K.L.:
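Input: one structure, supplied below.
A quick note: this is a predicted structure, and the numbers were derived from the prediction, not measured.
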Amino acid sequence: MTLLPGVRSATVDTDRLRMHLLAAGPEDGEPLVLLHGNLSTGRFYEHLMPALGERYRVLAPDMRGFGDTEPKALDATRGLGDWADDTAALLRALGIDRPPHLVGWSTAGAAIAAFAKDHPVASLTFLDPVSPYGYGGARPDGTPVTPDVAGSGGGSANPEVVARLAAQDASDESAFSIRSIMRALYWSPTFTLPPDREDVLVAEVLKTLVGDDGYPGDHTPSPHWPGIAPGTRGILNALSPRYCRWADIVDLDRKPPVLWTHGTADLVVSDASPLDFGVLGASGTVPGWPGEEAFPAQPMVTQIRRVLDAYAAAGGRVTVEMFEGSGHGPHVDAAERWTDVLLTFLSGG
């Protein structure tokens with residue numbers, strides 16, 4: 001593995017699983033842990049690590065089900081609890097007992113919130129996080145649209161995307177290959193990764209554990225539209241409103257400072273995501289939609305804002321930075337500005 005100057009690769013045996021990570025900065029430095037999202041790895045932070053490592057001990061692990069970490073099953077009934085506990089196990093194995101600064105991109109937003117419920121943290125940075133009420137099948141107030149939370153979980157993945165991941169398709173011949181998805185959904189539509197860097201990140205995603213234990217997870221049939229409900233294993237079930245909820249971060253007794261950064265052109269986590277069955281039904285893309293009252297779109301950004309407003313009202317410090325024109329990954333398509341915002345926040349600014 002050829003890495004950027006100052007970035008190191010390591011594999012650590014923890015008391016839960018063997019984890020691969022990238023690291024930068026001094027080993028006695030203040031810990032800054034960068035957790036990636038769904039269908040990505042710690043390497044999606046590599047380009048930031050040389051600069052961040054000048055001030056912090058930076059760790060970017062591959063989370064359970066992704067990258068070069070041991071491919072163990074994810075218990076979706078715990079939400080992102082497995083990821084939170086794996087992070088704690090990694091810090092123990094490395095002998096780090098200082099409260100860490102945590103960054104959680106997308107899926108990992110729920111993981112860092114879960115970590116903060118059980119462990120002291122220095123700060124929390126939510127980077128285009130999953131909604132505080134999970135992903136799909138949730139009303140504006142966070143309640144499920146149906147008793148079995150239809151329209152969320154492992155069955156919500158596009159079967160062709162799953163098949164192309166399993167086949168290790170690194171091409172751009174289909175809109176459903178990971179290379180095409182990355183271009184369409186991960187970044188701003190005006191942003192283009194250098195070809196060699198895109199190749200690296202595509203190869204990283206193709207390390208994903210594909211199937212019921214990883215991506216997308218298992219699912220169950222539902223009598224409610226669109227006919228699928230969450231199972232109990234794998235990453236998309238962990239994100240279902242049936243199991244994923246971080247709105248109760250408001251109730252933390254010790255409230256760490258929070259930074260929320262979000263791309264205004266994010267199509268993955270938005271108030272009208274084209275991945276949301278409420279949106280797909282209303283557009284006619286998925287037939288049989290029962291209507292707005294029965295199955296509305298999930299206003300994910302509005303839900304995040306409301307929960308963080310409540311966190312601030314309860315005494316927490318919240319900093320918000322919206323990245324105009326950025327997609328789901330402003331730490332990539334607006335990397336220099338995003339790094340400056342993060343460092344200013346971490347320094348108390």
K.L.:
Given 3.5 Å as the limit, does a donor-acceptor pair link the side chain of R64 with the main chain of A73, or not?
P.N.:
yes
K.L.:
Return yes if some donor-acceptor pair links the side-chain N/O of T264 with the main-chain N/O of G325 below 3.5 Å, else return no.
P.N.:
yes
K.L.:
Main chain of A335, side chain of H331: is a donor-acceptor contact present, judged purely on distance under 3.5 Å?
P.N.:
no
K.L.:
Testing F345, Y311, W246, W105 one by one against F126 for a ring pair (Phe, Tyr, Trp, His ring centres under 6.0 Å), which residue passes?
P.N.:
W246
K.L.:
After noting the C-alpha distance and the side-chain angles of R183 and D172, does the key distance pass the salt bridge (Lys or Arg N to Asp or Glu O under 4.0 Å) rule?
P.N.:
CA-CA 10 Å; R183 293 172 181 174; D172 60 359; 3.1 Å; yes
K.L.:
Are any side-chain N or O atoms of D148 and backbone N or O atoms of A229, one a donor and one an acceptor, separated by less than 3.5 Å?
P.N.:
no
K.L.:
Could you walk me through whether T125 and L102 pass the side-chain contact (heavy atoms from CB on, under 4.5 Å) test, one step at a time?
P.N.:
CA-CA 6 Å; T125 294; L102 297 178; over 6 Å; no
K.L.:
Just verifying a value: how many Å separate R92 CZ and T14 OG1, rounded to the nearest 0.5 Å?
P.N.:
7.5 Å
K.L.:
Among Y186, W83, F44, Y45, which one satisfies ring pair (Phe, Tyr, Trp, His ring centres under 6.0 Å) with H36?
P.N.:
W83
K.L.:
Within 45° of the axis and under 6.0 Å from the centre of the six-membered ring of Y133, does NZ or CZ of R245 qualify?
P.N.:
no
K.L.:
Linking I/L/V/M/F/W/Y whenever any side-chain heavy atoms sit under 4.5 Å apart, do Y243 and V269 land together?
P.N.:
no
K.L.:
In terms of side-chain heavy atoms, does Y135 have a donor or acceptor partner in S156 at a distance below 3.5 Å?
P.N.:
no
K.L.:
Checking S222 side chain against A150 main chain: does a donor-acceptor pair fall under 3.5 Å?
P.N.:
no
K.L.:
Once you round to the nearest 0.5 Å, how far does OG1 of T232 lie from CZ of R78?
P.N.:
13.5 Å
K.L.:
Do any pairs count as a ring-ring contact (aromatic ring centres under 6.0 Å, His included) and have a residue in residues 249-275, sequence neighbours left out, and if so which ones?
P.N.:
W260-H262
K.L.:
Give a yes or no on whether Y215 and L206 share a hydrophobic cluster (residues Ile, Leu, Val, Met, Phe, Trp, Tyr; joining criterion: side-chain heavy atoms under 4.5 Å apart).
P.N.:
yes
K.L.:
For R43, which of K207, R197, H20 qualifies under side chain to side chain contact (heavy atoms under 4.5 Å, CB included)?
P.N.:
R197
K.L.:
How long is the gap from CG on L22 to CG on L48, to the nearest 0.5 Å?
P.N.:
11.5 Å
K.L.:
Ring centres of F295 and W289 under 6.0 Å apart?
P.N.:
no
K.L.:
Do S106 and P129 come within less than 4.5 Å of each other through their side chains, counting heavy atoms only?
P.N.:
no
K.L.:
If you draw a 6.0 Å radius around CZ in R337, do more than 12 non-hydrogen atoms from other residues or ligands fall strictly inside?
P.N.:
yes
K.L.:
Drop me the distance from L34's CG to L127's CG, to the nearest 0.5 angstrom.
P.N.:
9.5 Å
K.L.:
Decide yes or no for S131 and V301: does some side-chain heavy atom of the first lie under 4.5 Å from some side-chain heavy atom of the second?
P.N.:
no
K.L.:
Below 30° counts as parallel, above 60° as perpendicular, anything between as tilted: where do the rings of F115 and H119 land?
P.N.:
tilted
